[in-house]
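A short write-up of the structure that comes next.
Computed from heavy atoms alone, side chains included, the values below leave out hydrogens, waters and symmetry copies. So that the names make sense, note that chain A is the first sequence line, chain B the second, and so on, each numbered from 1.
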Amino acid sequence: MNFITPAAEELALYRADPLLWDQEIDVRPEVAEAIEQAAGRRSGRVYWRSRHDHLYALELADLGRGRPSMAMVLGFWDRWEPRPPEHEIDADLMDFCLWVARQAPGMDPADVARVAQFADIKTTWPPGAALRTPEERFSNLPDFPYEPRYVEIEGLRMAYVEAGSGDPLLMLHGEPTWGYLYRRMIPPLAGAGRVIVPDLIGFGRSDKPALANAYTYKSHVRWVRGFIEGLNLERITLVAQDWGGLLGLRVLSQVPERFARVVAMNTGLPEGSGATDAFLKWRRFSQRVEALDVPQLMRATLKRRTLGEAEAAAYQAPFPSREYQTAALVFPRLVPIRPDHPGAYDNRVAIERLKTLDVPVLLPWGAEDAITAPAERHLRSIFRNAAPPLWIAGAGHFLQEDAGEEVAGHILRWMESTWTSTSHPKNSNSATICAPG
Amino acid sequence: MSPVPRWLEPLFPYRQHAVTVNGRTMAFVDEGPRSGRPVLLLSGNPTWGFLYRDFIGPLTAAGYRAIAPDWVGCGYSDHPRVDAALTFAHHIADLVSLLDQLELRGFVIVGQDWGGPQGVGAALQRVERLSALVLMNTWLFTGLVSRFHASARPWTTWHAPLVGPFFMRRHQVLSQHGPSATSRRGMTQTEARGYHHVFEEPDSDHVVLTWPRTIPMREGDRGWADMRVIERRLPELSAVPTLLLWAPEDEVFPIEFGNRLKELLPHAEGPIPFDRARHFLQDERGPDLARATVEFLNRAAGAGR
């Protein structure tokens, strides 16, 4: 376990939740002493980040017996929000218990694992715990003939389609769409590389946990990173719009060594300093509505094109009923609009890292989009290697629909003019900036 | 979920439901039509849904869905034995989890005592779904401390370090005597027992100690940061219809607190005074307060959604 020192600013955002409390860890003095040695202290607190990116602490107290006697394990959750699904906490506490067993003489991690198995402790989503949209909902999709493929992440099935070969182009959709949004860009870009279009967890053909607390900014980031690591993608050209960018840019800040280029479109990396009126209006609408009528929403938002019936229906295909829409209904309130909003601090940290990267960035921006218009300048101020502004006249928020082929053409021309990450010395140096853990 | 005991049924004939919030069981009464506007009836220290027994009938008769949850540590909810599991933020996150799991939209918060800041704190996390607010003898701000809360006897001595566990836990001065000793009209023995019996199990009343200790009196106090956030965010409620109902004879939250709330929420109606009542005004003037609440909600939000 790597102990860390979290910033006071970060700690103030959380509530400390006592998860394990043992008032007599010196019942076995050798265990207490081994923990003291590993933690480097007899009393006080050590922190670590779990495989789920949650912050935990071990609090030790010496009751005057010359070794730690009392111990509490604390989980740190977004201060006023429900805590994560219990299996995430169980998985993290299992890792902690295995750590204890590794430190302590006379304890065997294998025993801990065996008892956990006996007790049937779930450390991923149990099979069937998440909703899965029936595949027949996806028959007859116009212009989307790709066979779905799947990567398993934390027990969830994350779907993607792919076309072409070579270095990957990872296309990330956002709210409330799915990979289908990119269908007009896949054929042209498939000539330039291996186009990979996943559906975010809770969208498209991917699994859809029904609990609202499954979906946080942090969990979506983790799932996207898990997808990239699951397919072991390298030299990635990221193409992202809306939440695809909020997530993709965070992942870029965590594993920059996997990325060669970034195309960010009508998206952002909000630091919690307010929002556009258009976004607040959308947020209010989305939080009060019983269910989202996605076709109607898409039609109202598109500026250049009108969707045919079958195209419009394809946007509703992932959501047979409102139970399937939890992720889509939650997304708007996850966008950090206040400084203490969950995710705002993480984005501020990410931005500081992104400012050190030389990764080439293209920002094609649908000009008719009141929600994300100010974010173009914000992103331009973060990336020092950004191409000149590229406003797509007459296109709106979903420029993949409004101007898919046109944007793909811009991307192709720009790709030819940019370095690849392997040949770019500065960019490969940046890999050392953020080793995970 | 254990049902209310037989002896209490004549006074509280409602079924207890439960969900798991943040790893703890949260009990709640859920009466009235599912399609009705949800009205969350939030009590404080050291009471539970029983305090709102006179509200449930009138609300449901008017078409509202009355939901009376017991805070974790109280009533029929879990009673954690670890004080650190009972912070201000925990209570807020617990209610947010309930709002999420019941998928409540267009809900109303009715809060007294800790039901005020914890209810509003949770509502601010789902503020677009809040449609009205009814506050009674509570507070949402720092900077005003009642004489009762500042007094050494009994209040600050009751929950002082190390002394608090002797009075509050070993001798249960609040959990076994609070509501009945404060009652102005005088309670029957069964009514008093209705409040007290939920803390009869030994070591089950940590919350009556952690709550007083959370009252923010000075900067740096345990509840200070959360209360400041709530106070700062009150402008987000400027379009939410709000009603203030007050028992001026309450020494815990005297009328100055109602007036201060009115300054912070100038669009609010009231504070409308209710005499013949002290801190637990829902117990003493229940039917009258319920009538005022229903009348206000019919006007401000309506029973349909």
Residues B:Glu103, A:Arg322: salt bridge by 4.0 Å N-O rule
yes
Side chain, backbone, both or neither: which part of A:Ala16 has a heavy atom under 4.5 Å from chain B?
backbone
Go through the atoms of A:Asp17 and report whether side chain, backbone, both or neither lie under 4.5 Å from a heavy atom of chain B.
both
Is it the backbone or the side chain of A:Asp340 that comes under 4.5 Å from a heavy atom of chain B, or both, or neither?
side chain
Under 4.5 Å to a heavy atom of chain A? For B:Arg232 that would be neither
Any donor-acceptor pair under 3.5 Å linking the side chain of A:Arg288 with the backbone of B:Glu128?
yes
What part of A:Glu86 is in contact with chain B, defined as an atom under 4.5 angstrom from a non-hydrogen atom: side chain, backbone, both or neither?
side chain
Answer with side chain, backbone, both or neither: which region of B:Glu236 has an atom nearer than 4.5 Å to a non-hydrogen atom of chain A?
side chain
Answer with side chain, backbone, both or neither: which region of B:Asp94 has an atom nearer than 4.5 Å to a non-hydrogen atom of chain A?
neither
Could you tell me which non-hydrogen atom of A:Pro82 sits nearest to which non-hydrogen atom of B:Ala93, and how far apart they are?
CG-O, 4.0 Å
B:Leu130, part contacting chain A, at a heavy-atom distance under 4.5 Å
backbone
Top contributor to chain A contacts, counting heavy-atom pairs under 4.5 Å, from B:Thr20, B:Asp226, B:Val127
B:Asp226
Contact part of B:Val96 toward chain A, heavy-atom cut-off under 4.5 Å: side chain, backbone, both or neither?
both
Take atom CG of A:Asp277 as the centre, draw a 6.0 Å sphere, and report whether it contains more than 12 heavy atoms from other residues, nucleotides or ligands.
no
Looking at B:Arg170, I want to see if its CZ is surrounded by more than 12 non-hydrogen atoms of other residues, nucleotides or ligands under 6.0 Å.
no
So, taking the atom named CD in A:Glu290 and the one named CZ in B:Arg105, what distance separates them when rounded to the nearest 0.5 Å?
4.5 Å
Between B:Asn22 and A:Trp77, is any pair of side-chain heavy atoms under 4.5 Å apart?
no
Heavy-atom check, side chain of A:Arg79 versus side chain of B:Ile92, under 4.5 Å
no
Measuring heavy-atom distances to chain B, does A:Val330 have an atom under 4.5 Å in its side chain, in its backbone, in both, or in neither?
neither
For A:Pro18, the option from B:Thr87, B:Asp83, B:Val82 that meets side-chain contact (heavy atoms from CB on, under 4.5 Å)
B:Val82
In terms of side-chain geometry, is the basic nitrogen of B:Asp100 or A:Arg333 positioned less than 4.0 Å from the acidic oxygen of its partner?
yes
Assert top hit (heavy-atom pairs under 4.5 Å, partner chain B, pool A:Trp80, A:Phe285, A:Tyr14) equals A:Trp80
